[in-house]
Amino acid sequence: MATSDFAAHAVHAHAAPTSWIRKYVFSLDHKVIGIQYFFLALTAVFVGMFLSLLMRIHLIWPAASLPLLGDIKPETYLTLLTMHGTIMVFFVLTTAPQGGFGNYFLPIQIGAPDMAFPVLNMLSFWVTALAFFVMIAAFFVVGGAPLHGWTGYPPLSALPSAGPGEGLGANLWVISIALFCLGALMSALNFITTTLDMRARGMTLMRMPLTCWAWFITAILGLLAFGVLLSAGILLLLDRNAGTSFFVPLVTINGQLTGHKGGSPLLWQHLFWFFGHPEVYIAILPAMGLCSQLLSVFSRKPIFGYKAMVYAMLSIGFLGFMVWGHHMFMSGMSPYTAFAFSVMTMVIGVPSAIKTFNWLGTIWRGHIRFTSPMLFALGFVSLFISGGISGPFLAQPVLDIQLHDTYFVVGHFHLIMGVASIFGIFAATYYWFPKMFGRMMSEGMARWHFFITLIGTYAIFMPMHYLGMAGHLRRYSQLTELNYLHGLVPVQIFMSYAAFITIAGQFIFLFNLFWSMKFGKKASDNPWEATTLEWTTATPPPHDNFGGHIPVVYNGPYEYSVPGAPRDYIMQTDPSTVTAH
């Protein structure tokens, strides 16, 4: 729509709910749906952490017998690895930044009363929740959960007789991924339409906060990527249950022909990684947008190079679809093809570097306020740089062939995709909690949480790079049978103890979250003295976000320290009385 046209707001409006179920369960309110996504991701992250805890225990005490669980066999370890990766990537890193905070704050930040399609929004959450329940159900069926890894490579994932957990558990895994893709596609359509069609008067694209740009670009990536993964999942289900051979060539198991022929395991790899590398940016772009926001807010300075930041995110989204082959250098691809993917992978580092230097330019000589959201934003920048530095090594085929499938890769993607994105989630929680729940979180507990998590993260994942360079392969469940790895056992022990402490530190966050909902200090409407539209409305926001008044936008989102202004910030809704930046 034209941003001056209010008709779109009226078309998409809906009445406030009157029953408890319509208000809190099957709600059409984007704010309630955002909170539902947030708590779904919170549940998933603690499940994922528990699985990683079991893996860490087994790596340093392989003979230990755990209460209720008994011995962890090698196949059990692979099951834990598979489900940890799947739950974290899909139900945490994809769900919380986009589904949680994006759903809650995108409409408010652009001045809309709700998402464009409220019913579709509700459906997208419940399909995603169903996908999570189906995934967890795989633990409890005959044979247990699958062990084919979170990437689901065939023929291991395509043959029910290939190993423990590859029967009904693997079917549930594939069905869960397909359901998640459906929910993500519905959500992506909603985000794109809302951003383009529901902006308030004066909210041009170049006046949107960088958070909105990040959610918008992420939605475009999701629309293009999840459809491919959904198609691949359907084909994999057919291979498993209908006798087709999309991914299974002529193979034998225990000397017996499988009845398949003509399929290509590499086809799955191409389809999966065509989704899989954009998924990295689906997880990290919302954190990039948020941390850009926070560095400006708490440095009391305009963001350095706003348009450059927008174009950098657009470039990352575009180039993200051109580099999937760097996950497949070991697949036997042509050296010329590998060279092309290598060059494109190096090129995508340019917009990432632009964003990094712009973040540094934003905080340079700023009046920095070291609040908990700012600390986690700075932690995000640190992790993004540390994890990103190892990327160019893996982008070179000659080096990747040595480092592929080692702990070097595990350390790289956990830093840049996993924990960096989670630091963005923590920063968003501490920043927006006052607006969502009307109370402040404890700054003291937040600082303990930050330092334990940051130090613990580096203690866990930096040594993985050294393990990888020493030839330590990933997915090994124990090191007792491998003489050449015995010298690396002390490093594994150090990492495991660091993981135990870091996981314990997350309970500080959990306690702070729920304690502050009830006993936290009451928050004002704008406790951070920020400029964007969510801080102009009541706390928590009313049903239609702005109490029947649709805001009019006069300024950009980062007007801080403007000369001649009565305060050190100018709200987006303040009529222009001085010349903004």
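- The minimum heavy-atom distance linking Pro351 with Ala312 is given by the pair CB-O, 3.5 Å.
- Between the side chain of Ser299 and the backbone N or O of Lys301 there is no donor-acceptor pair closer than 3.5 Å.
- A heavy-atom distance below 4.5 Å is not found between the side chains of Gln402 and Met469.
- In this structure, Met436 and Phe101 have side chains that are in contact, with non-hydrogen atoms separated by less than 4.5 Å.
- When only modelled atom types and interatomic distance are considered, Thr371 and Glu443 share no side-chain donor-acceptor pair under 3.5 Å.
- Distance check, rounded to the nearest 0.5 Å: OG1 of Thr211 to CD of Gln293 gives 4.5 Å.
- A distance-only check finds a donor-acceptor pair linking the side chain of Arg240 to the backbone of Gly167 [under 3.5 Å].
- Between the side chain of Thr362 and the backbone N or O of Phe304, at least one donor-acceptor pair lies under 3.5 Å.
- A donor and an acceptor atom, one from each side chain of His148 and Glu166, are located under 3.5 Å apart.
- Under the 3.5 Å distance criterion, the side-chain polar atoms of Asn103 are left unmatched by any main-chain donor or acceptor of Ile33.
- A donor-acceptor contact shorter than 3.5 Å is absent between the side chain of Tyr431 and the backbone of Met374.
- Aromatic ring orientation, His84 versus His414: parallel (interplanar angle below 30°, classes split at 30° and 60°).
- The 12-atom threshold is exceeded at CZ of Phe500, counting heavy atoms of other residues, nucleotides or ligands nearer than 6.0 Å.
- In this model, a donor atom of one side chain and an acceptor atom of the other lie less than 3.5 Å apart for Tyr430 and His449.
- Counting only N and O atoms by type, the side chains of Ser292 and Trp359 include a donor and acceptor under 3.5 Å apart.
- Using a 30° and 60° split on the angle between ring planes, His327 and Trp273 fall in the parallel class, below 30°.
- Note on ring orientation: taking the six-membered ring where Trp is involved, the planes of Tyr281 and His277 are perpendicular (angle over 60°, cut-offs 30° and 60°).
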Tell me, with the steps shown, if Met288 and Ile316 meet side-chain contact (heavy atoms from CB on, under 4.5 Å). CA-CA 11 Å; Met288 286 181 173; Ile316 289 170; 4.1 Å; yes
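- Using the six-membered ring where Trp is involved, Phe423 and Phe450 have ring planes that are perpendicular, over 60° apart on the 30 and 60° scheme.
- Side-chain contact between Ile363 and Leu378 is present, with at least one heavy-atom pair separated by less than 4.5 Å.
- Leu266 and Ser331 make their closest contact through CD2-CB, 3.6 Å (heavy atoms, listed as atom of the first residue, atom of the second, distance).
- Between the Ser157 side chain and the Gly152 main chain, a donor and an acceptor come within less than 3.5 Å of each other.
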- Task: Take Gln396 and Ser342, measure what side-chain contact (heavy atoms from CB on, under 4.5 Å) needs, and give me the verdict at the end.
- Result: CA-CA 6 Å; Gln396 309 305 317; Ser342 176; 3.7 Å; yes
| task | Begin with the C-alpha distance, continue with both residues' side-chain angles, and end with the deciding distance and a verdict on ring-ring contact (aromatic ring centres under 6.0 Å, His included) for Trp126 and Phe133. | result | CA-CA 10 Å; Trp126 282 107; Phe133 297 141; 7.7 Å; no
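- Contact of the Ile303 side chain with the Asn358 side chain is not registered, since no non-hydrogen atoms from C-beta on lie closer than 4.5 Å.
- Judged by distance alone, the side chain of Ser124 and the main-chain N or O of Ser187 form no donor-acceptor pair under 3.5 Å.
- Interatomic distance, Arg56 CZ to Ile460 CD1, rounded to the nearest 0.5 Å: 8.0 Å.
- To the nearest 0.5 angstrom, Thr457 atom OG1 is 11.5 Å from Ile452 atom CD1.
- In this structure, the side chains of Trp324 and His270 come closer than 4.5 Å at one or more pairs of heavy atoms.
- Of all heavy-atom pairs spanning Ala138 and Pro146, the tightest one is CB-CD, 4.4 Å.
- The line from CD1 of Ile348 to NE2 of His326 is 8.0 Å long, rounded to the nearest 0.5 Å.
- The aromatic rings of Phe321 and Phe274 sit tilted relative to each other, their planes meeting at an angle between 30° and 60°.
- Distance OG/Ser421 to CZ/Phe426: 10.5 Å, rounded to 0.5 Å.
- Although no hydrogens or angles enter the test, the distance criterion places a donor-acceptor pair under 3.5 Å between the side chain of Trp215 and the main chain of Pro97.
- Note: Thr79 OG1 to Leu147 CG = 4.5 Å, rounded to the nearest 0.5 Å.
- Between the side chains of Ser382 and Tyr458, at least one donor-acceptor pair of N or O atoms lies under 3.5 Å.
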- Given the rule in the ring-ring contact (aromatic ring centres under 6.0 Å, His included) test, do Phe275 and Phe90 qualify, once you have shown the distances and angles that lead to the verdict? CA-CA 12 Å; Phe275 148 81; Phe90 290 97; 5.8 Å; yes
Evaluate the criterion side-chain contact (heavy atoms from CB on, under 4.5 Å) for residue pair Met83 and Phe139; output intermediate values, then yes/no. CA-CA 9 Å; Met83 299 299 279; Phe139 283 110; 3.6 Å; yes
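- Heavy atoms only, all atoms of each residue included: Gly456 and Thr502 are closest at CA-OG1, 3.1 Å.
- No side-chain heavy atom of Ile87 sits less than 4.5 Å from a side-chain heavy atom of Val45.
- Of all non-hydrogen atoms in Leu415 and Met462, the two that sit nearest each other are CD1-SD, 3.7 Å.
- Tyr77 and His58 have tilted rings, their planes meeting at an angle from 30° to 60° on a 0 to 90° scale.
- No donor-acceptor distance shorter than 3.5 angstrom exists from the side chain of Trp268 to the backbone of Ala232, with no hydrogens or angles considered.
- Here the side chains of Leu81 and Ser52 are not in contact, with every heavy-atom distance at 4.5 Å or above.
- Taking the six-membered ring where tryptophan is involved, the planes of Phe437 and Phe39 are perpendicular, since the angle between them exceeds 60° and thus also 30°.
- With hydrogens and angles disregarded, no donor-acceptor distance shorter than 3.5 Å links the side chain of Ser176 to the backbone of Leu172.
- At least one side-chain heavy atom of Leu394 sits less than 4.5 Å from a side-chain heavy atom of Leu403.
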Could you go through the side-chain contact (heavy atoms from CB on, under 4.5 Å) check for Leu130 and Phe180 one step at a time?
CA-CA 8 Å; Leu130 177 62; Phe180 185 90; over 6 Å; no
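- Between Ala420 and Phe380 the shortest heavy-atom distance is O-CD1, 3.0 Å.
- Using a 30° and 60° split on the angle between ring planes, Phe511 and Trp515 fall in the parallel class, below 30°.
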- For ring-ring contact (aromatic ring centres under 6.0 Å, His included), just list the numbers for Tyr104 and Phe38, CA-CA rounded to whole Å, side-chain angles, deciding distance to a tenth of an Å, and then say yes or no. CA-CA 10 Å; Tyr104 197 109; Phe38 175 80; 10.0 Å; no
